[in-house]
There are 2 protein chains.
Amino acid sequence: MAGPRSLPLLGPACCAPLVRAPLDAATAADLARTLKALADPARLRLLSMVAAHDGGEACVCDLTEPLGLTQPTVSHHLKVLVDAGLLTRDKRGVWAYYALVPGALDAVAAVLSSQTAPVG
Amino acid sequence: MAGPRSLPLLGPACCAPLVRAPLDAATAADLARTLKALADPARLRLLSMVAAHDGGEACVCDLTEPLGLTQPTVSHHLKVLVDAGLLTRDKRGVWAYYALVPGALDAVAAVLSSQTAPVG
DNA sequence: CCGACGCATTGACAGCCGTCTATGCATGGG
DNA sequence: CCCATGCATAGACGGCTGTCAATGCGTCGG
């Protein structure tokens, strides 16, 4: 099991834009891991649905029906997003609330963009 | 075969950030296709190597050795990036020169970011 | 205490993906 | 005219991935 990883893009080696200099193998592998978590229609929709939901958080039962996927599949995708450092999981009572990790998506965008985008 | 697709992110429906409103299935599928092309260590390194190369372009023979992959594999990855609208291919004589599509990566970054990043 | 509910985990299966070797196809030099 | 060179394509194969049905596990209400 990989276990929860901290998003390397938020670390000190954060702001080296892709187009500046050739990526070394390790950096490319880290960035690819994060992008792989994003590169799925269901997960992209989950991210946007969580972000747009009331209070910036949503539980699985809010997401299953509009997505048109079964509950285990939704749980699986949410786990992938949490492990990638893009979502947080907060279990309150019977429900598990998911929310965006602030700045995580912006960090990915900053690496892809040739601009030095301020995250704040 | 899918054939070369124009990058939908550069179209009129360009600047709807992921976190603003829930993505519909079609938009999510389009964005996922582009991200899937990016979500590979070899392709990320290829993009950065092409961008950082002299004149902003590089041929396959420039990329094969530093990547540590065989020539057919490199050609395959480059084709994926071209089909995704991230690279251009210009065959001159025996060589095939690849270059970044201006603004393509920035367009992807703009969709991911919560900022309204100016592309220019 | 027990049943219903919300969610995670497991196991299974089809399909896609990254890589290689082998081969084909132009182009240019001698 | 022929061979070397640079690149693309074809075919094969192991591994990963997205999905589902079935099941397990806490938590709350009655």
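Quick note on labels: first sequence line is chain A, next is B, and so on, each numbered from 1. From a predicted model like this one, the values you see are computed outputs, not experimental measurements.
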5' to 3' on DNA chain C, which nucleotides open and close the contacts with chain A (atom under 4.0 Å from a heavy atom)?
C:dG6 to C:dT9
Could you tell me the separation between the CG atom of A:Asp90 and the P atom of D:dT27, rounded to a whole number of Å?
14 Å
From CG of A:Leu78 across to C1' of D:dT19 the rounded distance in Å is 15 Å
Starting from the first five and the last five pairs of the helix from C:dC1-D:dG30 to C:dG30-D:dC1, work out the angle between the resulting helix axes, to 10 degrees.
20°
The side-chain hydrogen bond (donor to acceptor under 3.5 Å, both in side chains) partners of A:Thr70 (sequence neighbours excluded) come to A:Thr73
Acceptor/donor pairs from residues 36-47 of chain A side chains to any protein atom, 3.5 angstrom cut, sequence neighbours excluded:
unit_1: A:Lys36; atom_1: NZ; unit_2: B:Ala39; atom_2: O; d: 3.0
unit_1: A:Asp40; atom_1: OD1; unit_2: A:Ala42; atom_2: N; d: 2.9
unit_1: A:Asp40; atom_1: OD1; unit_2: A:Arg43; atom_2: N; d: 3.2
unit_1: A:Arg43; atom_1: NE; unit_2: A:Ala37; atom_2: O; d: 2.6
unit_1: A:Arg43; atom_1: NH1; unit_2: A:His77; atom_2: ND1; d: 3.1
unit_1: A:Arg43; atom_1: NH2; unit_2: A:Lys36; atom_2: O; d: 3.2
unit_1: A:Arg45; atom_1: NE; unit_2: B:Leu23; atom_2: O; d: 3.0

Considering only Ile, Leu, Val, Met, Phe, Trp and Tyr, and joining two whenever side-chain heavy atoms are under 4.5 Å apart, list the other residues clustered with A:Trp95.
A:Val94, A:Tyr97
Could you tell me the separation between the NE2 atom of A:His76 and the P atom of D:dC16, rounded to a whole number of Å?
14 Å
For B:Trp95 and D:dA4, what is the distance between atoms CH2 and C1' respectively, to the nearest whole Å?
12 Å
Is there a side-chain polar atom (N or O) of B:Arg92 under 4.0 Å from OP1 or OP2 of D:dG6?
no
Hey, can you pull the donor-acceptor pairs under 3.5 Å for the side chains in residues 50-62 of chain B, sequence neighbours left out?
unit_1: B:His53; atom_1: ND1; unit_2: B:Glu57; atom_2: O; d: 2.9
unit_1: B:Glu57; atom_1: OE2; unit_2: B:Arg92; atom_2: NH2; d: 2.8
unit_1: B:Asp62; atom_1: OD2; unit_2: B:Cys59; atom_2: N; d: 3.3

Taking only heavy atoms on the protein side, list every residue of residues 36-49 of chain A lying under 4.0 Å from any atom of DNA chain C, sorted numerically.
none
Within the 4.0 Å heavy-atom criterion, would you say A:Tyr97 contacts the bases, only the backbone, or no part of the nucleic acid?
nothing
Here the gap from B:Thr34 atom OG1 to B:Leu81 atom CG, rounded to the nearest 0.5 Å, amounts to 11.0 Å
Please say yes or no: joined through hydrophobic side-chain contacts below 4.5 Å, possibly via intermediate residues, are A:Val80 and B:Leu31 part of one cluster?
no
Test A:Leu78 against A:Leu63 for side-chain contact (heavy atoms from CB on, under 4.5 Å), laying out the working first.
CA-CA 10 Å; A:Leu78 289 171; A:Leu63 305 167; 4.1 Å; yes
Atom NZ of B:Lys91 and atom P of D:dG6 are separated, to the nearest Å, by 12 Å
What residues from residues 50-72 of chain A pass a heavy-atom cutoff of under 4.0 Å to DNA chain C?
A:Cys59, A:Val60, A:Cys61, A:Gln71, A:Pro72
Which atom names give the shortest non-hydrogen contact between B:Ser48 and A:Pro22, and what distance separates them?
OG-CA, 3.5 Å
As an exercise, state the distance from OG of B:Ser75 to CG of B:Leu69, rounded to the nearest 0.5 Å.
11.5 Å
Can you give the donor-acceptor pairs under 3.5 Å from side chains of residues 98-105 of chain A to other protein atoms, not counting sequence neighbours?
none

For B:Val74 and A:His77, find the nucleotide of DNA chain D closest to each by heavy atoms; which residue's nucleotide sits nearer the 5' end?
B:Val74
